[in-house]
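Data block below; observations after.
Numbers restart at 1 for each chain; the letters A, B, ... are given by sequence-line order, proteins then strands.
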Amino acid sequence: MTTMELAGLGPLHDALRDAGYTVIGPTVRDDAIVLTELESIDRLPHGWGVRLAPGGYRLRRRDDEAAFAHAAGPQSWKPFLHRSRVKLWEADRTGDGFEVREEPHPPARLALLGVRPCDLRAIAVQDRVLTGGRHVDPSYAARRSDAFIIAVNCTEPGGTCFCVSMGTGPQAGPGYDLALTELVGDEGVRYVVDAGTQAGSDMMDAIGAGPAASGDVERARAEVAAAAGRMGRTMPPVDLHDLMAGTLDAARWDEVTERCLSCGNCTMVCPTCFCTTVTDTTDLTGDHAERWQVWDSCFDPGFSHLHGGDVRASPRSRYRQWLTHKLGTWHDQFGSSGCVGCGRCIVWCPVGIDLTEEAAALHAEAASTDR
Amino acid sequence: MTSAATPMAPVPYRVTGRRDETTDTVTLTLEPVERPIPTPLPGQFTMMYAFGVGEVPISVSRIGPHPRDGSTPGPVLEQTVRAVGAVTGAICGTRPGQVVGLRGPFGVGWEVDAARGRDLVLAAGGIGLAPLRPVLLRALSEPDAFGRVALLIGARTPADLLFTSELDEWRARGAQIEVTVDRPSPGWDGRVGLITALVPVADVDPGRAVAFLCGPEVMMRVTAEALTGRGIRDADVRLSLERNMRCGLGWCGHCQLGPLLVCRDGPVVPYTRAAPLMTVREL
Ligand SMILES: Cc1cc2nc3c(=O)[nH]c(=O)nc-3n(C[C@H](O)[C@H](O)[C@H](O)COP(=O)(O)OP(=O)(O)OC[C@H]3O[C@@H](n4cnc5c(N)ncnc54)[C@H](O)[C@@H]3O)c2cc1C
Ligand code: SF4
Ligand code: SF4
């Protein structure tokens, strides 16, 4: 594999747009770094970093012009691939029955620019859930199949990051078309680029990228390797699946329930949370019906509703469901962890509940009761 | 376009028959308006849609017959629905001639073929008899393929018993049928009490019996314990679980029970798999 070098991302952005892609990437809006369609490459958040803490997110000015030195923002790529509201079909009454028309899901050509390694893995996790089983979600597949992914190796982890514990970063794993490493110097920023697919190398050829200077390649590798030592958080070094399976009666669930508001923010920001519900509606005549699929959260009491009551009526059981699913039963259901270590749920929890701290406490409790 | 290309869109089925089972439970006979869904297996369910109201999981309670004259393009289905809320209420209110939507079939059914050559214990609590009926009908239609068949039924009151018009016929075709109710009504001369009391009278050889259970979770738990207590192997007991389901396709996340997605890994699961999950509160 050849490693190339780009002095700036303008030509790549132009080439992607010429190839018909809608380029999505980070920009500064409302005091946060959000993902949006980038009509111009100038909208990248050059010179912005973030300070991340439990329940806290602050932009900060950097003393360089780095565009990708800002860890995970409030959104993941989830809203672009697994949309929060999808119309599934509409139906009209006919003489004695009804006729259903499925909503078409036209293929989208999305270029995702600046996908961090944790989020790259999160996309793979959602791929497995929504397209890896017996049934393929057509809306997700239409947006995912042609997506062109430009990952960014992480050189600037945040205070709530723990991708190293989850084995997802700071070096991007498979699944990207291109992977950038951003090098910041006195003369500005430049990018060492690895192509992960033929489409990726074709794109680099198209913009005439030259080979990377060997010094830059080494520096890029070294900076990513150094980032691994600067994780803000770690998970306890145990088999988290087994820890969760053995912990269903732990006292710690009562403790965390005193703080958890059951607001569901953690599920909305999490890049792997995939749950949805459907809403069935009719117009005023009652002759036209529609079904929409919308994001749902396991923190909603009605999520587990059965005739006779909600299965998970207590907030305790809902937090337990969320954490044991992420770290434990996801393995049983889909063959991987449901957590990629992005830290979003820690940052965007209004009361700053930190799943690494909860896992550590559960581990400590299990270890003390084992004795 | 009236036919659906993905598993997302309801397929229209006409209600061609309707029978009141109890004051709140109805059995509908359903025939495809144009295109049928793939033929369900006993224990599988469909997502049943009442126009404009919503969609809920309902087991098939009878599969076939497939009319020889080709008057319908797929087997006739029956589904037995208890009105407990908005959607089931609307489904129960449909009249012959009207149309409902079906998606599916979904899930893992009873392992009827694995039960060939064995004695069969079917234990049903309340509406739980509906998903067991196709197993019973299969066993009765192939008497040489199965050993003895015992059907144990528990209901709240005599008025809550389902398929009462068929029980005598099932007996005549060789099934042992034992019934108990929680609360008797005047004139009831049958048994009163828990369904577990029927386990000892099931005329089967525990060493070669397979047991299928469907009903409330507590009922399934105590019945499974009683059956294994009589010597039926844990591994030969299966039960059908109920969880909230919004899609039936394994995408919506609502039907999780610990490691299981009940719509995909169930609803019928081995007792050995379900037992440790059923004892955890609010899992
Ligand atoms: C595999 C399977 C097989 C089944 N087979 C049968 C059968 O053969 N016969 C039968 O009678 N029943 C069967 N059931 C049960 C049946 O699906 C329920 O009785 C039915 O879903 C109740 O729906 P409802 O609208 O009538 O009642 P409601 O209790 O009003 O519920 C309506 C639906 O809306 C949703 N809902 C309600 N409240 C909330 C809330 N607060 N937040 C979010 N969502 C909410 C729930 O998902 C629910 O399904 C089966 C269930 C399963 C899982
Ligand atoms: S559980 Fe939290 S840290 Fe893990 S992937 Fe989801 S949001 Fe990120
Ligand atoms: S853990 Fe935090 S974000 Fe998640 S539901 Fe509880 S309070 Fe809300």
> Which atom pair, heavy atoms only, marks the closest approach of C252(B) to F274(A)?
Replying inline: C-CE1, 4.4 Å

> Considering all heavy atoms of both residues, which atom of G253(B) and which atom of C275(A) are nearest to each other, and what is their separation?
Replying inline: CA-SG, 3.6 Å

> How far apart are the C-alpha atoms of V86(A) and M8(B), what are their side-chain angles, what is the distance that settles it, and do they pass the side-chain contact (heavy atoms from CB on, under 4.5 Å) test?
Replying inline: CA-CA 12 Å; V86(A) 179; M8(B) 308 275 240; over 6 Å; no

> Non-hydrogen atoms of chain B under 4.5 Å away: do they reach the side chain of H325(A), the backbone, both or neither?
Replying inline: side chain

> What part of D92(A) lies closer than 4.5 angstrom to a heavy atom of chain B: side chain, backbone, both or neither?
Replying inline: backbone

>> Measuring from atom CD of Q293(A) to atom SG of C247(B), what distance do you get when rounded to the nearest 0.5 angstrom?
In response: 8.0 Å

> For the residue pair L283(B) and R312(A), what are the closest heavy atoms and their distance?
Replying inline: O-NH1, 2.8 Å

> Which one, L130(A), T279(A), T324(A), L248(A), leads in non-hydrogen pairs under 4.5 Å with chain B?
Replying inline: L130(A)

>> Could you tell me if E282(B) and S314(A) have a donor-acceptor pair between their side chains, going purely by distance under 3.5 Å?
In response: yes

> How long is the gap from CZ on F51(B) to CG on D287(A), to the nearest 0.5 Å?
Replying inline: 6.5 Å

> Any idea which of D332(A), V311(A), T282(A) has the most non-hydrogen atom pairs under 4.5 angstrom with chain B?
Replying inline: V311(A)

>> Distance check, rounded to the nearest 0.5 Å: Y49(B) atom OH versus F98(A) atom CZ?
In response: 6.5 Å

>> Between R264(B) and Q333(A), is there a side-chain heavy-atom distance shorter than 4.5 Å?
In response: yes

>> Using a 4.5 angstrom heavy-atom cutoff, name the option from E242(B), R243(B), Q98(B), R281(B) with the most pairs to chain A.
In response: R243(B)

>> Quick check: do H254(B) and D296(A) have side-chain heavy atoms less than 4.5 Å from each other?
In response: yes

> Which atom pair, heavy atoms only, marks the closest approach of V278(A) to R246(B)?
Replying inline: O-NH2, 3.5 Å

> Mind checking whether R320(A) and V280(B) have side chains closer than 4.5 Å, heavy atoms only?
Replying inline: yes

> Heavy-atom distance under 4.5 Å to chain B: side chain of R291(A), backbone, both or neither?
Replying inline: side chain

> With distance as the sole test, does W251(B) use its side chain to make a donor-acceptor pair with the main-chain N or O of T276(A) at under 3.5 Å?
Replying inline: no

>> To the closest 0.5 Å, what do you measure between OG1 (T277(A)) and CG (N244(B))?
In response: 7.0 Å

> chain A: which of R14(B), R82(B), M245(B), E55(B) shares the most heavy-atom pairs with it under 4.5 Å?
Replying inline: E55(B)

> What option among V56(B), L257(B), T88(B), V100(B) has the most heavy-atom pairs under 4.5 Å with chain A?
Replying inline: V100(B)

> For the residue pair G250(B) and F334(A), what are the closest heavy atoms and their distance?
Replying inline: O-CZ, 4.5 Å

> Can you name the nearest heavy-atom pair linking V100(A) to A9(B), along with the distance?
Replying inline: CG1-CB, 3.7 Å

